[in-house]
Amino acid sequence: MEKITKDISQIIAGEIKIINDKVHGLNFLELLKASIIEKLLEVLNRHKFPLDQLIEYQNEINIDSRHINISINYFLNSMSVTKKKIDNDSLFISLNELSNFDIFRDNKEFTSLVVYKNTGLSLPKDTVLNAKYSKNLLLIGISINDYEQTLTK
């Protein structure tokens, strides 16, 4: 399992370096999503799914003015998260299985989105959500804290 997490982190780090430094926030995450999904699928095709063990991997990457947090999780069983507030602009990539997100507009109104396998969803910071993850889901979470964004507030 160490090899798969290392390969995924290397792909993400390599693509981060290619994206123009002037692109920030959700635009950056959307460009990153478009460039990494196909490369991630190539790596995953070399592994047999479902995997036999849980993966909980965290990594931080600092490149130029970008501070990126990567989390790679493989769920053996279905899981749900309730009313989680996202602290930074974030990208969630759902591989192998689908996941459901309820994005809240206020305390009662929300929009439900299904993220199908091998796709992703970018969300702005301060979004409140519920998430339901299918079993045997490989979920990649990427959050960005641009130093430049913080300084301009």
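Model, not experiment: these values are computed from the prediction. Sequence positions, counted from 1, serve as the residue numbers for this chain.
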Please examine the side chains of [Y] and [X], heavy atoms only from C-beta on, and report whether any two atoms are closer than 4.5 Å.
| X | Y | value |
| --- | --- | --- |
| Ile4 | Arg46 | no |
| Leu138 | Leu40 | no |
| Leu26 | Leu29 | yes |
| Ile142 | Ile36 | yes |

Pair Leu91-Ile140, side chain to side chain contact (heavy atoms under 4.5 Å, CB included): steps then yes or no: CA-CA 8 Å; Leu91 168 64; Ile140 299 172; over 6 Å; no
Run the side chain to side chain contact (heavy atoms under 4.5 Å, CB included) check on His67 and Asn62 step by step: do they pass? CA-CA 5 Å; His67 180 76; Asn62 292 305; 2.4 Å; yes
Using the test side-chain hydrogen bond (donor to acceptor under 3.5 Å, both in side chains), find all partners of [X] that sit at least two apart in sequence or belong to another chain.
| X | result |
| --- | --- |
| Ser35 | Glu15 |
| Arg105 | Glu109, Thr111 |
| Asp7 | Lys3 |
| Ser9 | Tyr57 |

Approximate separation, where rounding is to 0.5 Å, of [X] [atom1] and [Y] [atom2]:
| X | Y | atom1 | atom2 | answer |
| --- | --- | --- | --- | --- |
| Asn96 | Asn118 | CG | CG | 7.0 Å |
| Ile68 | Asn59 | CD1 | CG | 11.0 Å |
| Ile11 | Leu32 | CD1 | CG | 11.0 Å |
| Ile19 | Leu31 | CD1 | CG | 5.0 Å |
| Thr5 | Ile55 | OG1 | CD1 | 6.5 Å |
| Ile70 | Ile144 | CD1 | CD1 | 11.0 Å |

Taking all non-hydrogen atoms of both residues, which atom of [X] and which atom of [Y] are closest, and how far apart?
| X | Y | answer |
| --- | --- | --- |
| Lys17 | Ile63 | CG-CD1, 3.9 Å |
| Pro124 | Thr127 | O-OG1, 2.6 Å |
| Ile16 | Arg66 | O-NH1, 3.6 Å |
| Lys33 | Gly120 | NZ-O, 3.3 Å |

Linking Ile, Leu, Val, Met, Phe, Trp and Tyr by side-chain heavy atoms under 4.5 Å, what else ends up with [X]?
| X | value |
| --- | --- |
| Phe104 | Phe110, Val128 |
| Leu98 | Val114, Tyr116 |
| Phe101 | Phe75, Met79, Val81, Ile86, Phe92, Ile103, Leu113, Val115, Leu121, Leu123, Leu129, Tyr133, Leu137, Leu139 |

Of all residues at least two apart in sequence or in a different chain, which pass the salt bridge (charged side-chain N to carboxylate O under 4.0 Å, His left out) check with [X]?
| X | value |
| --- | --- |
| Glu42 | none |
| Lys108 | none |
| Asp87 | none |

Treating Lys83 as the side-chain partner and Asn107 as the backbone partner, does any N or O pair qualify as donor plus acceptor under 3.5 Å?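 Yes: the side chain of Lys83 pairs with the backbone of Asn107.
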What residue pairs, at least two apart or across chains, pass salt bridge (Lys or Arg N to Asp or Glu O under 4.0 Å) with a residue in residues 127-145?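 Applying salt bridge (Lys or Arg N to Asp or Glu O under 4.0 Å) to every pair that reaches into residues 127-145, excluding sequence neighbours, yields Asp102-Lys132.
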Using the test side chain to side chain contact (heavy atoms under 4.5 Å, CB included), find all partners of Thr82 that sit at least two apart in sequence or belong to another chain. Asn130
Verify the neighbour count for atom NZ of Lys85: are there more than 12 heavy atoms of other residues, nucleotides or ligands below 6.0 Å?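 Atom NZ in Lys85 is not crowded, with 12 or fewer foreign heavy atoms closer than 6.0 Å.
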Would you indicate whether Asp126, at its atom CG, is surrounded by more than 12 heavy atoms from other residues, nucleotides or ligands within a distance under 6.0 Å? yes
